[in-house]
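Working notes, structure below.
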Amino acid sequence: MTRLSVNINKIATLRNARGGNNPDVIKAALDCERFGAQGITVHPRPDERHIRYKDVIDLKKVVTTEFNIEGYPDERYLKLIREVKPAQATLVPDPPDAITSNAGWDTIKNASLLKEIISEIKAYGVRVSIFVDPLPLTVEGAAKVGADRIELYTEPYASEFKLKKEIAIKPYIESAKVARESGLGINAGHDLDLNNLRFLKLNIPYLDEVSIGHALICDALYFGLENTIQLYLKELH
Ligand SMILES: CC(=O)[C@@H](O)[C@H](O)COP(=O)(O)O
Ligand SMILES: NCC(=O)COP(=O)(O)O
């Protein structure tokens, strides 16, 4: 079964736009779970443009599905992981000024950094996933640094999907095969939506989890949050 983890960053974007507490991020997370989400993902960024570090502490108290915290492993992120001990920490190589995530880790160049950080986080009993491009050698590198899972960065798939989906999916099939042979779990995320999700799932049926935020929250503006979550779940079955 492929779990749907809803990334609620953009709920926090809307909340922060007016400085109050509407929409309420905690309520939105609980509603996502009530509507069928099998996980909640957040990506607190250093500038707190959307999810704030305090949101993460508050969410930990109420989230009952898998809590996945994404981020660059700087000291503030590691302190948060130590304190919150989520089900999963997803390490992303984003610089602080990145408008959004736009690349995976170079698991060969960053091997010693990742090895040290991953063993620290795993010592807290937290599963570690690392965000990677769909490159077989990079995936092998993820296994060598001790990751439990990879998260395949799916923006290239999403942008090429519209032109030639059979070509767009190929590196992901290859990388998922290497991941499976290396004993890694397989997550995927970034720019997944109602148009491209089913084809990804059909071609990587053993996908453990997809984390979806931007497109899902945009869809919810038109279809409602409950209906939208159900629509995304249908694409995974
Ligand atoms: C790692 C990943 O792909 C998502 O966390 C994405 O970075 C969402 O971040 P924003 O919501 O800030 O675009
Ligand atoms: N890891 C991907 C994620 O959490 C959400 O990415 P997006 O759907 O907002 O592009």
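Counting from 1, the numbers follow the sequence of the chain as shown. Computed from a predicted model, the values in this text were never measured in an experiment. We count ligands from 1, going down the list as the structure has it; atoms in each ligand are counted the same way.
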Mark up the atoms of ligand 1 that fall under 4.0 Å of a heavy atom belonging to F131, in ascending order.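 Ligand 1 atoms under the 4.0 Å threshold to F131: 1 (C), 3 (O).
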
What I want to find out is whether [X] reaches [Y] closely enough, with some N-O distance under 4.0 Å, to be called a salt bridge.
X	Y	answer
D55	R15	yes
D74	R76	no
K177	E181	yes
E151	R149	no

So which protein heavy atom does [atom] come closest to, and at what separation?
atom	value
atom 8 (C) of ligand 1	N9 ND2, 3.7 Å
atom 7 (O) of ligand 1	S101 OG, 2.4 Å
atom 9 (O) of ligand 1	R45 NH2, 3.1 Å
atom 13 (O) of ligand 1	T100 OG1, 2.6 Å
atom 3 (O) of ligand 1	H190 ND1, 2.6 Å

Evaluate the side-chain proximity of L59 to I26: yes if any heavy-atom separation is below 4.5 Å, no if none is.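 When only atoms from C-beta onward are counted, L59 and I26 do touch, with a gap below 4.5 Å.
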
Is any side-chain heavy atom of L197 closer than 4.5 Å to a side-chain heavy atom of I212?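 L197 vs I212: side chains touch.
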
With a 6.0 Å cut-off (strictly less than), is the heavy-atom count around CD1 of I99, excluding the residue itself, greater than 12? no

Can you tell me if NZ on K170 sees more than 12 non-hydrogen neighbours from other groups inside 6.0 Å? no

Run down the list E70, H214, E151 and name the one with the heavy atom closest to atom 5 (O) of ligand 1. E70

Show me, pair by pair, the donor-acceptor contacts under 3.5 angstrom made by side chains of residues 80-87, not counting sequence neighbours?
| from | atom 1 | to | atom 2 | distance (Å) |
| --- | --- | --- | --- | --- |
| R82 | NH1 | E120 | OE2 | 3.2 |
| R82 | NH2 | E75 | OE2 | 2.9 |
| K85 | NZ | R82 | O | 2.7 |

Would you say H50 contacts ligand 1, with heavy atoms under 4.0 Å as the rule? yes

Take every heavy atom of K10, measure it against each atom of ligand 1, and state whether any distance is under 4.0 Å.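 Distance cut 4.0 Å: K10 passes for ligand 1.
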
Taking heavy atoms and a distance under 4.0 Å, where does Y153 meet ligand 1: side chain, backbone, both or neither?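 Near ligand 1, Y153 shows nothing, with every heavy atom at 4.0 Å or more.
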
Below 4.0 Å, non-hydrogen atoms only: which portion of N7 touches ligand 1? Side chain, backbone, both or neither.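 For N7, the contact with ligand 1 is made by the side chain alone.
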
All ring pair (Phe, Tyr, Trp, His ring centres under 6.0 Å) counterparts of Y153, not counting sequence neighbours: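 If we apply the ring pair (Phe, Tyr, Trp, His ring centres under 6.0 Å) test to Y153, skipping adjacent residues, the hits are F131, H190.
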
Please table the atom pairs, donor to acceptor, closer than 3.5 Å between any side-chain atom in residues 215-231 and protein atoms at least two apart or in another chain.
| from | atom 1 | to | atom 2 | distance (Å) |
| --- | --- | --- | --- | --- |
| D219 | OD2 | Y232 | OH | 2.6 |
| T228 | OG1 | G224 | O | 2.6 |
| Q230 | NE2 | F35 | O | 2.6 |

Any N/O of D94 closer than 3.5 Å to an N/O of ligand 1?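 Looking only at distances, the answer is no, because the N/O contact criterion of under 3.5 Å is not met.
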
Can you confirm whether the side chains of T65 and E33 place a donor and an acceptor under 3.5 Å from each other?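 Side chains of T65 and E33: pair found under 3.5 Å.
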
For a quick check: using heavy atoms under 4.0 Å, what are the residues in contact with ligand 2, sorted by chain and number? N7, T41, E70, E151, G189, H190, D191, S211, I212, G213, H214

